[in-house]
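One structure is given here, and the rest of the page talks about it.
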Amino acid sequence: MKYAEVVVEIAAENVSRLFTYAVPEGMALAPGTRVLAPFGPRRVEGYALRIKDDPGGVPPEKIREIIRPLEDYPALLPELVDLAYWLTEKTHCLPVEALRLMLPAQMRGGRVKEKTTEYAALADPNADVDALAAAEGRAPKRQQILRALADGPRPAAEMRALSGEGLKKLVERGIVALRAEETLRRPFAAQTPEKAADPQLTRDQQAALSEILPALRRGEGRFLLCGVTGSGKTEVYIRAVREALEMGRAAIVLVPEIALTPQMVSWFRARFGTGAAVLHSRLSPGERFDEWRRIRRGEARVVIGARSAVFAPCERLGIIIIDEEHEQSYLSDKHPRYDAREVAQRRCEHEGGTLILASATPSLKTFARSLPNMRSSLGRLTLLEMPRRVLDRPLPEIEVVDMRRELELGNRSVFSGRLDAALRACLARGEQAMLFLNRRGYATFVSCRACGHVMKCPECDVSLTYHREGDMLRCHYCGMEMKPPKTCPECGSPYIRYFGTGTQKVEEALKERFPGVTSVRMDLDTTSGKDAHAKLLDAFRRGDAQVLVGTQMIAKGLDFPRVTLVGVIAADATLNLPDYRSPERTFELIVQVAGRAGRAERKGHVIVQTYDPENYAIEAAARQDFRAFFETEFARRRRGLYPPFTMLTRLLVETPDEALARRTAEALAAGMEAFFDENPELRRQVVQMRAMEAPVKRLRGKARWQVFLKLYSRGPTPRVIEKIEALAAQPVEGAQVYLEIDPATML
Ligand code: ADP
Ligand code: ZN
Ligand code: ZN
C-alpha cells in the first residue's frame, strides 16, 4: 500500500497541513500530481506532494482513499514545490497559496481542459491496405476510409464525414483505432516573424557576454547589466539564452507589463521559433494553460512573460533574465506579496542557473548591490556596463522647458512654445512623435468648486477618475463606476469641476493645435481589450498615425525607428508623490521615455516640460547620467534614513470593522513593545514605530490600519523581523493581517 501526503485546495489556516491519504491499488501517482480526494463530506482538489510506503502514524481507520488524479502527469515540479515552501516563509502565506502560484489559475476547479482533436488511424500501421480494402468487398465507403488512412492518421471528423457508420464498423472490428491528441492554442500563432540573422555584436555586448557565458556554463553567477537605452541589451539576452539552450537548459525572460510583450515576443520568436512560449495575463485562459503545458512538457524551452512567469515549470533551468529590473510590476501587488527578482534569484541558486538583472535605470537598491563596499542580505551582483548605444548612435538630446516661464508668457496650454515648434518640425519632416503623460497623480479627478469636496470611491477612499468615454467616474482600485453627479453630494453646489490633464485631454489639445494630425492613444482605457495593445502599437509602427499619446505604458522598451521626438508633458507628476522613491521614479521615467527617441539613423530629440527644472532628478535625467543621480539620491537616502539604509515594514490590518482594525493594530504594536522590553538591545534597531490608519483608509470595503516600522537594515534587524513575522502569523478572528517588507507602495 502507498500513501500520499496531500495539501488540500482550501486556503484556510486550520486545514493548512499535509493530510495522509491512501493511494488505491493500481493507481500510479507521482509526487506533485494534483488529485481529487474526499474531505469531510465533500470532495476537494489537492496536491499530492509526497508518496510514501507507510501512513506515518495516522491510524488506518482515519485514512481515506484518493479518488483520482486530476492529470496523468505531475503538474508541480519538485523544484517548484520546494520554491513554494520557501515562499510561505518569505511572504507569510499558506502552502496552498504558494502552490497556486505555480499553476495557471484556470487549472483549479477544472475550468480549462486540454483541447483535443480525435484522430483515426490504422490499428496496425503496417497493415496491407489493399488487402484490407478488398476484404471490405461491397462497402465502398469503408474502402475509402481505409485508403485515406493508408498515408497516416486523419482527423476522425473527416472520416465520419465520409461515413460515420463505416468508421464505427472499422473501429469495432479493430482495424481502425481512434485516439485523442492534444492541440495547443497558440497565442501570436498568426504572427510568424521572419527568421532574423544575427547582427555583429558591439564591443560592449561582447564584453558583457564574455562574463556571462562562462558563468552560465558553470551554472552560477548574478549580474546587473546596466546598459543605456538602445545599447542592445536584448541581443545580449538572446545570445545568453541560446547558450543555455545549447547546454540543454531552459531560460526565462521576464519583461515588465504587457507593453513589451508583443515586440519582445516577435524578437525572440524570430530567433527561437516555436521554442519560445509566452505567459502573460492577457492570454485567454485556454492559451495560458496551453503555453504552460508546452513549457511543462519541455517543448518550449524559452519562456517570455510578465512577473508570474518566474514560476514557469522549466526543468533544468539555466538562466533567468529580468529586463527593466527597476519596474514596480515585479512586486506582486496582492497576497502573497513576492518580489519576482528575489524569487528568480532563489530559483537560480537552487537550480544552478545564472541570474541577469538588466536596466538602463536600475533601482537604487539593486545598483547598491553591485558596489564593492555595500553589504546586502541578497548578496553581491557583478556589474556589467554598456554605456554606448549600438552603431555609435548618439543618445537623444534632452531639453528641459520651464513651464513657469510659459505661464508668465501667458501660455496656458499643455504645449510649451518649444514643444509646439519641435512637433511642427517633426511632423513636417514626416517623422513620428510620442507624447508622454505620467498619469499617476495626474488623473482627472472631480471636485466641487464651492466646498472642495473630491469625489471618492465609497469602498476604497481614493479619488475617482473621470473617463470621458461613457461619461463615467471609475475607481482604479476596485473598478466601481458611477455617473458623475450634477450637484455636489456634500454641499449641493452645481459647480463641479474636472481637474488634471489626462491623455484624452492631451490628444484633444493636439488635434486642436495641429488640425489633421493622426494620433493613437494608449492608456488603461484604450488597451483593455484582448490584443488591443498590440494592435495600437502595430498601427503606430506601420505609420498609420503620426503621434502616439500615452501613459507609462509607452515609456518602456518600445523600439520605433521612426520616432525622433518625445515630449514629456509634465515631468513633475511623479516628483510630487508622497513617496520617498519619487525622485527615483521621475529620473527613471524621463530616461526611459527619452530612450524611445532616435533609435534608428535619425537623431532623437526630447523635450521635458516641468515646473521644477532645477530638481536634481530632472537635471540628471536630462544628462542621462545614472551615476550622478545615484550619488545624489544615495546620499539623500543615507541622510533621510530611507532604504536601502533602512527597511520599511508594516503590519497591515484589513477588516470591514473599523474598530476591530484599530484594536488589532494597537494590539500588534503592544506586542512589539513587549518584545523590545524583553530585548532592549534590539530596540536600537528601530528608527520609528507606530500604529496608525493606513494612508488609504478603506479599500474594497475594508477598513485599514497599520503598524508602521522603520528599522535599520544593518545589525540584528533579522531578529526583529522574525518577531514581526510571528505576530503576523497569529490569526485574528474577523481580520486579515499582512506583513509587508519594503513594499512597492504603502497606500
Ligand atoms: P535596449 O534594450 O538596450 O534599449 P535594444 O536591445 O532594444 O536596446 O536595441 C536597440 C536597437 O539596436 C534594436 O533595434 C536592435 O535591433 C539593435 N541592435 C542591437 N544590437 C545590435 C548590433 N550588435 N548591431 C546592430 N544593431 C543592433
Ligand atoms: Zn473602489
Ligand atoms: Zn460641494
Side-chain angles (χ1 to χ4, degrees), residues 193-210 212-213 223-243 251 253-257 259-272 276 302 304 321-327 330 356-362 366-367 383-396 398 431-432 434 436 537-538 540-541 552-564 566 587-604 606 621 624 626:
E194 298 147 42
K195 222 159 160 57
D198 287 349
Q200 176 90 38
L201 293 176
T202 65
R203 268 210 333 277
D204 288 347
Q205 287 170 333
Q206 250 161 9
L209 284 164
S210 73
I212 294 168
L213 298 184
F223 296 96
L224 170 58
L225 178 61
C226 196
V228 297
T229 57
S231 57
K233 293 186 285 298
T234 316
E235 192 60 36
V236 175
Y237 309 162
I238 287 172
R239 302 292 173 104
V241 167
R242 187 183 294 157
E243 180 75 16
V253 182
L254 297 187
V255 295
E257 292 185 2
L260 275 168
T261 306
Q263 201 167 38
M264 190 66 119
V265 168
S266 67
W267 282 341
F268 269 81
R269 293 231 331 169
R271 304 297 187 77
F272 298 110
V302 183
I304 301 148
I321 297 167
I322 305 192
D323 187 40
E324 313 286 4
E325 74 79 30
H326 59 276
E327 278 294 316
Y330 290 124
I356 302 182
L357 303 177
S359 177
T361 53
T366 303
F367 192 79
L383 181 64
L384 304 171
E385 288 181 285
M386 301 210 294
R388 288 168 289 256
R389 282 192 158 183
V390 296
L391 307 175
D392 294 319
R393 283 172 196 154
L395 278 167
I398 303 187
E431 294 164 1
Q432 289 180 307
M434 286 167 76
F436 170 76
L537 292 178
D538 280 347
F540 188 60
R541 180 182 310 281
Q552 280 94 313
M553 245 175 230
I554 67 171
K556 296 154 199 166
L558 299 172
D559 190 29
F560 296 112
R562 289 172 55 197
V563 170
T564 56
V566 167
F587 174 82
E588 155 207 316
L589 277 166
I590 294 175
V591 172
Q592 292 287 344
V593 77
R596 302 312 118 216
R599 292 171 70 87
E601 291 72 34
R602 281 171 278 200
K603 188 168 163 61
V606 182
Q624 299 175 77
F626 176 76

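For ligands, and for the atoms within them, numbers begin at 1 and follow the listed sequence.
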Taking Q432 for its side chain and F540 for its backbone only, find out whether a donor-acceptor pair lies under 3.5 Å. yes
Can you name the atoms of ligand 1, numbered from 1 with element, that are less than 4.0 Å from a heavy atom of [X]?
X: T202; answer: 23 (N)
X: V228; answer: 3 (O)
X: T234; answer: 2 (O), 5 (P), 6 (O), 7 (O)
X: Q200; answer: 22 (C), 23 (N), 24 (N)
X: T229; answer: 4 (O)

N or O pair under 3.5 Å between G227 and ligand 1: no
Using distance alone, determine whether G232 and ligand 1 share an N or O pair under 3.5 Å. yes
Part of D323 within contact of ligand 1 (heavy atoms, under 4.0 Å): neither
Once you restrict to heavy atoms under 4.0 Å, what part of S231 touches ligand 1? Side chain, backbone, both or neither. both
Is the closest heavy-atom distance from V236 to ligand 1 below 4.0 Å? no
If every non-hydrogen atom of M434 is compared with every non-hydrogen atom of F560, which pair is closest and at what distance? SD-CD1, 4.3 Å
Nearest atoms (heavy-atom pairs only) where A594 meets R389: O-NH2, 4.5 Å
Students often mix this up, so state it plainly: with edges at 30° and 60°, are the rings of F626 and F367 parallel, tilted or perpendicular? perpendicular
Within the structure provided, determine whether R271 and E235 are in side-chain contact (heavy-atom separation under 4.5 Å). yes
With E385 via salt bridge (charged side-chain N to carboxylate O under 4.0 Å, His left out) - residues at least two apart: R627
Hits for salt bridge (charged side-chain N to carboxylate O under 4.0 Å, His left out) against E243, two or more places apart or cross-chain, chain-then-number order -> R217
